Amino acid sequence: MNTFTAPEIDYVAISPILIVGIAALLSVLAETFLPRFLRRQIQLMLTFFSLIGAFIVLVINHDLRTITVGGAVAIDGPGVVLMGTILLLSLLSAFLMAERSLDSLGDAFAPSASALPGSADEREFSARGYFQTEVWTLFLFAVFGMLVFVVANDLLFMFVALEVMSLPLYLMVGMARRRRLLSQEASLKYFVLGAFSSAFFIFGAGLVYGFAGSISLPVIHDSLASTTSETLLIVIGMAMLLVGLFFKVGAVPFHQWTPDVYQGAPTPITAFMGATVKVAAFGAMMRLLYVAFSGIQWDWEVILWTVAILSMLVGSLIALTQSDVKRMLAYSAVAQSGFILVGVVAASPAGIAAVMFYLIAYGVVTVGTLAVISMVRDSSGEATHLSKWAGLGKKSPVLGAVMVIFMLSLAGIPLTSGFVIKFGVFAAAIAEGDAWLVIAAVIASIIAAFFYVRVIVVMFFSAPNEKTASVAIPSILTTITVAATATATLVLGIIPQPMLDLLSNAGIFIR
Amino acid sequence: MNTYPWLTTIALLPLVGSVIVILTPKHNARLAKTAALAFSLLTLGAVIAMALNFDANSQEAFQFTESYAWIPTFGINFSFGVDGIALVLIALAATLVPVVILGGWDEGLESQGSVKGYFALILVLESLMVGVFAATDVFLFYVFFEAMLIPVYFMIGRYGGPQRSYAAVKFLIYSLVGGLFMLASLIGLYVVSAQITGTGTFDFTTLVGLDIDPDVQKLLFVGFFLAFAIKAPLWPFHTWLPDAAGQAQPGTSVLLIGVLDKVGTFGMIRYCLEIFPAASTFYAPAVISIAVIGIFYGAFVALKQTDLRRLFAYSSISHFGFIALGIFVFTSAGHTGSMVYMVAHGLSTAGLFIVAGYLMARRGGSAQLSSFGGVNKVAPVLAGFFLIAALSSLALPGMVSFIGEFLVLLGAFQQYMWLGAVATVGIVITAAYVLRVYQKSMTGPLNPDCEGMKDLNGREITALAPIALLIIVLGVSPAPLLNVINPAVDRVMTTVGASDPEVTIPILGESVTSEGGSE
């Protein structure tokens, strides 16, 4: 009989993950045992201290490269960069979640998410001025899941991380204070489709295990390298794993949930989800493809090509027709996923660096854009219909200017980070001989530019009317987020070389 | 000698000036204007100093080159350098800026917003104009090309007529669309360079040396050309120009039409022709067609205009047709002619718009032709300057514009006889509308409203005198101008692979028709 040996765990290497995980557990205890009036302060402290602490620890140990926890976790250059990105973007989103000055009713979340919309319970909770704090617990768990997701080195670990990250998100999407039915509908859609795609992922993992006899990514690679037999089983398994990930990044044809979820979710959650889930899912996708499936690159390249072109074109074309800012951003997110896939297809060190830069800069812009959206309000809450943005830039020039920076960046105009990242993935794809893919991407960029520029045109070049929304005065929290994201967008656009160097030094995924 | 960073100095001087202008106290407009004028003159001095160091017979394509790494990963450098063509255009910009500042000294900006803001914007624009002509990295050129939109947008949108906001937006949207197409082509160009050489680059000289597949050239050419045709503007991309010129301050119009629009024609020579020679030859008939249509369209519409500024704008569209014609006939005469024409057009446009500004200031802001009449009886000096600028516009022999127009038509005749013949008819219409304006506004019975109109004062004459002087001096002895332009034109011709038909052109010396040295 085999004796059980505990896997060796390098606690230093995984300390950032542990910090956030422990904070999440403490947060559960706080929610259970603390009196209501203390909870918010404690939860905020837990969140901010754990995120900042984890980031500091990560920076201190940034040179650490190891495979630990019995081969289930790979701490490597890209993993460290992706974890750092997730932590920073989460921190920026957390500022937005903590904001209470924008809405006269308080923060963005329903006082009691479980009370039926319009019920007596709900009215009572509102009347008593309760704030719910469970969202912070969920938030910490989601961040924890993402951190694990980008360094998970076997399929099962990956799946568990995927679920730990997704389940809190499904709930958080349904917690909007205003327009609750819309929010709950979005939550349900996201959950049902998400659960469906998770099923694909685990089924795919099963098929891959059937082929390779292991769930460890390096072992899968080795068995692919040594096999001479039919690889159909593993190709199907790999495709099903990809379906799960395509769903998470909202790539066509698995994008159907994006507009409803982007629109229905509380705006800070849209920011958090829109920015960090992409980082986590693309990080995991690259590790999966490059570490485990590099032997069947020919097979997944075709899939990625198709999905990339579809995402870019469908996302851009449908975004053109949107009249709601959040829905437009959702389709723009679909298109942006396509652009990121162009870099993933490249499958080279330059491609990895380019994709990571894309994820960082795009995440920053996403958080910033949604922070701006959370400030534009009328009497019924956030005013996301584009017609209510008419002349907004004339009413509030500073907010308008910031939005211009974000829109130009999303459109990929030089001197903003958007140009550098698009150019990066294009250049990486060209170097690997994917010229036609890049041509399609350039065409999609031109289409996409029109709807981004349209927001600018509406804000600055149409006259304000009585329907025009006003801009709520934010507290220091949202102000910090907006200032930081706008500055980062410009700095990364004008002097990107330090970041490019940093990312190309991060190296590749270890096996 | 060439180690001093002339071009950076010249690009930065106005920028420093604009910061200083902004920092002047709020209610001392005079100080702001003086500072702006001082910096523009300082810049002009620096340009003259640089031009004196310029070696017209140098074997190098570019002189005063500087290069700093910007984004090495993408092969993007901050590179400056000038050839004869760029030098002449930088000199034109540096000449016109002080003229505009002096001419617009009392344009009554106080009622419309911050006076010092306007002058600061002019200086920012000057800085960007130097950058756009001096850039030898295609990406850097693109950045300057787009960045120029920002100061101009504010100059039109903040200071001008009642419809200024609409005009500014129209200008911006037209330009942005053009810019987007160019950006797409720019990325395409990088892709091609990466495929041919292994490492992508934006360096102009390297890109010219690439042997790009003609079919690819045809695709990429379109993006660049669209951006330039909107900027220049050629018919049918011109509709933003009359609106912008009709609403903007005369000073803004001078810089917009006199220099900025030249970026379009400059871009055609520098980028379209040199990087995409095969595509340029392929598209030449199409471009020549719209150029000739533009010559007549602009001239005919100008005949019917009642607003001085719109009239000058349409006349410019006609002139841009001539310039584009000269560029795309692929003869040295045509190219040299286009270059001279650009300078001449910049000078005569400056003269016309500044005189229009003086007239408007005397007639309560009206630029309607019907507001004037018989002005030469009350303000003979003003009328005299107007006549010089107007005659320069119709290319009277003895003026620099004559040389430009003559050479363009000569180039056209050399290549396509019938085309030259058709285009020549355009001159007649030009003469018709120019003389009509002069006759209606300056001669005839005195319009009662113009009674007691003051003649030009010292400041106003000082602003216009250099323009009039340059128009005539360069018209009588164009040699300094041609000496600088010709080597650059020869280089473009060699790159394009075009050769002149066997005709001797006395005015160009022997350098063009044979291999001998110029002089």
Side-chain angles (χ1 to χ4, degrees), chain A residues 350 353-354 357 391 394 401 404 408 411-416 418-439 441-450 452-454 456-458 460-463 492-504, chain B residues 68-78 137-147 149-150 153-154 157 165-173 175-202 213 216 219-220 223 226:
Chain A
F357 201 163
K394 290 178 185 161
V404 168
L408 291 181
I413 303 298
L415 299 191
T416 63
F419 173 78
V420 180
I421 57 179
K422 273 210 178 110
F423 199 88
V425 293
F426 292 175
I430 290 297
E432 299 302 310
D434 297 308
W436 284 104
L437 188 59
V438 172
I439 290 172
V442 170
I443 294 171
S445 306
I446 295 178
I447 301 172
F450 281 92
Y452 295 124
V453 171
R454 195 178 63 171
I456 302 176
V457 171
V458 168
F460 279 91
F461 304 145
S462 40
L492 290 179
I494 297 170
I495 32 178
Q497 196 59 38
M499 183 60 103
L500 289 166
D501 290 339
L502 187 141
L503 292 176
S504 58
Chain B
Y68 314 96
W70 182 9
I71 313 179
T73 311
F74 300 152
I76 296 173
N77 291 303
F78 198 96
D137 183 284
V138 187
F139 180 81
L140 187 66
F141 169 79
Y142 173 82
V143 168
F144 280 116
F145 187 79
E146 294 289 65
L149 299 180
I150 301 166
Y153 169 73
F154 285 114
S165 195
Y166 166 79
V169 171
K170 194 169 177 182
F171 160 77
L172 192 67
I173 290 179
S175 306
L176 273 180
V177 170
L180 273 178
F181 282 106
M182 183 165 146
L183 181 59
S185 278
L186 199 67
I187 295 171
L189 196 56
Y190 178 87
V191 169
V192 171
S193 76
Q195 281 179 334
I196 296 180
T197 64
T199 49
T201 182
F202 284 107
D213 178 62
V216 178
L219 223 74
L220 298 177
L226 269 181

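In the text below, chain A, chain B and the rest are named by the order of the sequence lines, each starting its count at 1. Quick caveat: nothing in here was measured; it's all calculated off a predicted structure. For the numbers below, each heavy atom of this structure counts, side chains included, while hydrogens, waters and symmetry mates do not.
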- Which region of A:F460, side chain (C-beta onward) or backbone (N, CA, C, O), has a non-hydrogen atom less than 4.5 Å from a non-hydrogen atom of chain B, or is it both or neither? neither
- Region of B:A194 in contact with chain A, defined by heavy-atom distances below 4.5 Å: side chain
- Return yes if some donor-acceptor pair links the side-chain N/O of B:W70 with the main-chain N/O of A:I494 below 3.5 Å, else return no. yes
- Out of curiosity, B:L219 CG to A:I439 CD1, how far, rounded to the nearest 0.5 Å? 7.5 Å
- Note on the structure: In terms of heavy-atom pairs under 4.5 Å with chain A, the winner among B:T199, B:V177, B:I187 is B:I187
- Query: Of the backbone (N, CA, C, O) and the side chain (C-beta and beyond), which part of B:V143 lies under 4.5 Å from a heavy atom of chain A, both, or neither?
  - Reply: side chain
- Note on the structure: If you tally heavy-atom pairs under 4.5 Å between each of B:P72, B:A69, B:G200 and chain A, the highest tally belongs to B:P72
- When rounded to the nearest 0.5 angstrom, what distance separates CD1 in A:I430 from OH in B:Y190? 9.0 Å
- Query: Given a strict heavy-atom distance threshold of 4.5 Å, which part of B:L183 is in contact with chain A: side chain, backbone, both, or neither?
  - Reply: side chain
- Item | Portion of A:V420 that has a non-hydrogen atom of chain B nearer than 4.5 angstrom | both
- Query: If you take all heavy atoms of A:Q497 and B:T73, which pair is closest and at what distance?
  - Reply: NE2-OG1, 2.8 Å
- Message: Would you say the rings of B:F139 and A:F423 are close, in the sense that their centroids are separated by under 6.0 Å?
- Response: no
